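Input: a single structure, listed below in structure tokens.
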Amino acid sequence: VYERVLVLIARETVRCGSATFVKGDLARSLGCCKRSLDRALARLRRAGLVISTPRFGEHRAQLGNDYQATALGISRAFALVSRRS
């Protein structure tokens, strides 16, 4: 899960500037539980590969998070992709 999340966030960061998703939706699309996704995201943040910023609606309810891969995160993600090929 850790590597797949890093690659997804890195690709979206390069393509759009950040990745925006709701954890439950992403967990379902990756075929894992939200707890596994939370652990992977926490590990990526601690390693300095990803930063996250909460997104809020007009009534201040949190809608989700914006995730952005750091330069190191992008480099590691594309190294993982090239290794798989």
Side-chain angles (χ1 to χ4, degrees):
V1 174
Y2 172 84
E3 291 178 351
R4 290 186 295 166
V5 173
L6 176 58
V7 169
L8 179 134
I9 292 172
R11 283 185 177 154
E12 288 299 304
T13 298
V14 169
R15 193 171 74 83
C16 304
S18 68
T20 302
F21 54 82
V22 175
K23 288 180 188 176
D25 296 339
L26 181 61
R28 275 189 297 282
S29 71
L30 292 172
C32 67
C33 66
K34 286 192 331 185
R35 188 169 184 167
S36 294
L37 179 60
D38 279 335
R39 286 185 194 133
L41 288 166
R43 185 175 163 199
L44 290 166
R45 284 192 298 266
R46 277 193 312 270
L49 302 176
V50 168
I51 53 175
S52 64
T53 308
R55 259 185 334 114
F56 296 95
E58 65 181 70
H59 298 291
R60 301 298 302 155
Q62 186 170 350
L63 302 175
N65 291 303
D66 288 330
Y67 296 90
Q68 188 175 30
T70 63
L72 178 59
I74 292 169
S75 173
R76 290 236 180 114
F78 288 109
L80 288 168
V81 169
S82 66
R83 249 192 311 185
R84 290 181 195 161
S85 302

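Values in this document were obtained by computation on a predicted structure and should not be read as measured data. We number each residue from 1, following the sequence as shown.
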Nearest heavy-atom contact between Ala10 and Gly73 is CB-O, 4.3 Å
Scanning both residues in full, the closest heavy-atom pair of Tyr2 with Ala40 reads CA-CB, 3.8 Å
When rounded to the nearest 0.5 Å, the distance separating CG of Leu37 from CG of Leu26 is 5.0 Å
To the nearest 0.5 Å, atom CG of Leu80 lies from atom CD of Glu3 at 4.5 Å
CD (Glu58) and CG (Leu63) are apart, to the nearest 0.5 Å, by 9.5 Å
Distance col, row Arg46:CZ vs Leu44:CG, nearest 0.5 angstrom, shows 9.0 Å
Review point. Does the side chain of Ile9 come within less than 4.5 Å of Leu49's, by heavy atoms?
Key: no
All heavy atoms of Ala69 vs all of Ile74, minimum pair found to be CB-CG1, 3.7 Å
So side chain to side chain donor-acceptor pair (under 3.5 Å) across residues 67-79, not counting sequence neighbours, yields Asn65-Tyr67
Between Lys34 and Gly24 the two heavy atoms that sit nearest each other are CD-CA, 3.4 Å
Do Val22 and Leu8 share a hydrophobic cluster (ILVMFWY, side-chain heavy atoms under 4.5 Å, transitive)?
no
Would the number of heavy atoms belonging to other residues, nucleotides or ligands and lying under 6.0 Å from CZ of Arg35 be above 12? no
Between the CZ atom in Arg43 and the CG atom in Asp38, the distance rounded to the nearest 0.5 Å is 14.5 Å
Under 4.5 Å between any side-chain heavy atoms of Arg28 and Asp25, yes or no?
yes
query: If two hydrophobic side chains count as joined below 4.5 Å and joins carry through other members, does Val14 share a cluster with Leu6?
result: no
